Trainee: 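Before anything else, here's the structure in question.
Keep in mind it's a predicted model, so treat the numbers as computed, not measured. Here is the naming used below: chain letters follow the sequence lines, and residue numbers restart at 1 for every chain.
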2 protein chains.
Amino acid sequence: MNDAGCAEQTRERLIEAAREVFSEHGFQGATVREICRRADANVAAVNYHFGSKDGLLAEALNFNQLKAMQAANLAATSCAEQRLRLFIRDFMLMLLDENSASRQCRMMARELADPTPALDKIAREAIAPLHEHLGALVDAITGGTLDDAERRRCVFSILGQCTFYYHGEPVLQRLYPELRFRRDEIEATAAHIADFSLAALAARKSA
Amino acid sequence: MNDAGCAEQTRERLIEAAREVFSEHGFQGATVREICRRADANVAAVNYHFGSKDGLLAEALNFNQLKAMQAANLAATSCAEQRLRLFIRDFMLMLLDENSASRQCRMMARELADPTPALDKIAREAIAPLHEHLGALVDAITGGTLDDAERRRCVFSILGQCTFYYHGEPVLQRLYPELRFRRDEIEATAAHIADFSLAALAARKSA
DNA sequence: TTTACTTTCAAACAAGCGTTTGATATGTTG
DNA sequence: CAACATATCAAACGCTTGTTTGAAAGTAAA
């Protein structure tokens with residue numbers, strides 16, 4: 001063991017600080033020095049404990065909340081339509097609610113447009129299951145009448161509506177300064193996206 | 001005047017190269033040296049002609065194509081539904097078609113998630129009119145039955161579906177390597193988004 | 001030609017980055 | 001105790017970044 005830090009604690013503090021900084025500034029924009037400053041650790045600590053900034057990112061990635069969301073949604077006994085509603089709500093809260101413990105997931109969204117060494121892992125372990133889950137929901141709602149390309153496009157339409165609020169936040173804040181994403185606004189937005197998407201899927205079903 | 005460069009030509013080459021590099025790597029990711037290399041100019045040329053990298057970005061921004069798109073759409077005599085179809089098609093081609101002369105617009109999309117000194121100008125001069133144009137279309141399609149918040153959310157739903165393919169491209173390439181956004185695929189995608197959105201708006205109308 | 005102005009260029013600058021080093025202190029093990 | 005491994009730290013390294021400098025080359029006006 002060591003002094004006050006008590007060994008393993010520095011590692012944990014670094015991971016937590018990394019999740020903060022990565023989610024705020026993205027991988028490129030985040031600096032090792034800033035992470036260490038927030039973790040009250042020396043600059044060399046990152047390379048000592050994780051080998052590199054890349055290694056820290058890999059350790060900081062955590063898909064547990066996303067997996068838990070999907071598991072809970074699968075376990076729900078509601079109909080497919082209602083499960084889509086719930087899923088969109090949970091997903092939007094994860095993306096937008098400042099108070100939720102979702103920093104480790106927001107890190108992902110940050111990197112989507114700007115590949116990092118960890119994007120392969122993110123795509124494989126987090127986003128692919130997300131697409132599959134939504135694809136199954138779309139199939140259940142439309143009665144399995146869509147071919148692969150159509151189902152995929154429907155999944156993209158739903159995800160696109162959700163992630164728009166995340167990616168476009170800086171612009172939305174400028175254009176609509178009065179728009180604040182408090183919990184009730186997030187839920188209303190999620191309800192809109194669910195309504196919008198279910199109406200569109202219902203049209204697919206009858207067609 | 002000067003030697004071969006003929007004065008003003010260096011400025012123009014720098015702007016053109018800047019549009020290329022900014023649209024490929026974003027403002028942060030782009031380097032002055034890379035821009036000057038492509039423009040066959042000295043590193044100091046950017047600061048001589050534009051004062052700074054920021055100044056170059058401001059000069060390189062160009063919303064003409066976006067404005068032309070909206071003007072053409074306004075001039076169309078079709079019904080609102082058809083005009084939304086056309087608009088989504090044009091917008092998607094602008095965002096995704098490598099062969100179109102749309103680099104100056106793709107620069108914008110790059111910056112949306114990562115504010116730069118020029119984001120205020122982009123939001124004010126390019127994105128706000130875009131939102132207004134789509135809002136008017138949504139109003140025409142739904143018969144003006146929506147309140148401000150609902151209309152805005154419908155606009156966001158449409159824009160979100162479109163920009164998803166742009167922002168998520170690196171991930172989509174990893175998950176669906178066979179997916180190539182050639183012109184026909186872009187048009188099919190645009191048709192899907194229009195179908196999806198019009199079905200959802202039709203449900204709003206009757207409600 | 002001389003003078004003044006514009007433009008280009010190689011070189012350097014200061015700052016920030018991720019990373020490495022070598023010393024130092026601490027705890028564990030023989 | 002001595003020997004060893006672990007963890008931290010200040011300092012520096014090597015590199016890249018945007019920017020600045022001062023000289024050189026060209027053109028234009030006096």
Trainee: Between B:His131 and A:Tyr176, do the side chains contain a donor N or O and an acceptor N or O under 3.5 Å apart?
Mentor: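 Side chains of A:Tyr176 and B:His131: pair found under 3.5 Å.
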
Trainee: How about B:Phe156 and A:Tyr165: are their ring centres within less than 6.0 Å of each other?
Mentor: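 Between B:Phe156 and A:Tyr165, the centre distance is under 6.0 Å.
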
Trainee: Between P on C:dT20 and CZ on A:Phe50, what's the gap in Å once rounded to a whole number?
Mentor: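 Distance, rounded to whole Å: 15 Å.
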
Trainee: Name the closest nucleotide to the B:Val32 side chain, picking from C:dT19, D:dT19, D:dT8.
Mentor: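 Among the listed nucleotides, the one closest to the side chain of B:Val32 is D:dT19.
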
Trainee: Find the distance between CD (A:Glu185) and CE (A:Met92) and round it off to the nearest 0.5 Å.
Mentor: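 Rounded to the nearest 0.5 Å, the CD-CE separation comes to 9.5 Å.
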
Trainee: Measure the distance from CG on A:Asn47 to C1' on C:dG22 and round it to the nearest whole Å.
Mentor: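 In whole Å, C:dG22 C1' and A:Asn47 CG are 16 Å from each other.
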
Trainee: Could you state the atom-to-atom distance from CD of A:Gln9 to C1' of D:dA7 in whole Å?
Mentor: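 These atoms are roughly 13 Å apart.
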
Trainee: I need the CD-C1' distance between A:Gln28 and C:dG18, as an integer number of Å.
Mentor: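 These atoms are roughly 13 Å apart.
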
Trainee: Check whether any side-chain nitrogen or oxygen of B:Thr10 sits under 4.0 Å from OP1 or OP2 of C:dT7, and answer yes or no.
Mentor: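 No.
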
Trainee: Test B:Ile122 against B:Phe63 for side chain to side chain contact (heavy atoms under 4.5 Å, CB included), laying out the working first.
Mentor: CA-CA 9 Å; B:Ile122 295 176; B:Phe63 310 130; 4.2 Å; yes

Trainee: I'd like to know if the side chain of B:Gln161 reaches the main chain of B:Ser157, judged simply by a donor and an acceptor atom lying under 3.5 Å from each other, with no hydrogens or angles considered.
Mentor: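 Pair found, side chain donor or acceptor close to backbone of B:Ser157.
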
Trainee: Protein within reach of the bases, or only the backbone? For nucleotides 11-16 of chain C, mark each nucleotide 5' to 3' as B, S or -, using heavy atoms under 4.0 Å.
Mentor: -B----

Trainee: To the nearest Å, give me how far apart CD (A:Glu34) and C1' (C:dT19) are.
Mentor: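 Distance check: A:Glu34 CD to C:dT19 C1' gives 18 Å.
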
Trainee: Going by the angle between their ring planes, with limits at 30° and 60°, are A:Phe91 and A:Phe87 parallel, tilted or perpendicular?
Mentor: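 Geometry flag for A:Phe87 against A:Phe91: parallel rings.
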
Trainee: What are the residues of residues 51-58 of chain A, sorted by number, that bring a heavy atom to within less than 4.0 Å of DNA chain C?
Mentor: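 Here the set is A:Ser52, A:Lys53.
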
Trainee: Is it the case that atom CD in A:Glu150 sees more than 12 heavy atoms from other parts of the structure closer than 6.0 Å?
Mentor: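 Counting neighbours around CD of A:Glu150, more than 12 heavy atoms of other residues, nucleotides or ligands fall under 6.0 Å, so yes.
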
Trainee: Rounded to the nearest angstrom, tell me the gap between atom CZ in B:Phe22 and atom C1' in D:dG18.
Mentor: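 Taking atom C1' of D:dG18 as the reference, CZ of B:Phe22 is at 12 Å.
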
Trainee: Round to the nearest Å and state the distance from B:Arg37 atom CZ to D:dT17 atom P.
Mentor: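 Value for this atom pair: 12 Å.
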
Trainee: If only side-chain N and O atoms of B:His49 are considered, is one of them under 4.0 Å from the OP1 or OP2 phosphate oxygen of C:dT8?
Mentor: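 Yes, B:His49 has a side-chain N/O under 4.0 Å of OP1/OP2 on C:dT8.
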
Trainee: Determine the minimum heavy-atom distance between A:Cys36 and A:Val46, stating which atoms define it.
Mentor: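 Result for this residue pair: SG-CG2, 3.7 Å.
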
Trainee: Tell me the interatomic distance from B:Ile35, atom CD1, to D:dT16, atom C1', rounded to whole angstroms.
Mentor: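 Computing the B:Ile35:CD1 to D:dT16:C1' distance gives 15 Å.
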
Trainee: Less than 4.5 Å apart, any side-chain heavy atom of B:Leu130 and any of B:Leu159?
Mentor: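 SC-SC contact between B:Leu130 and B:Leu159 confirmed.
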
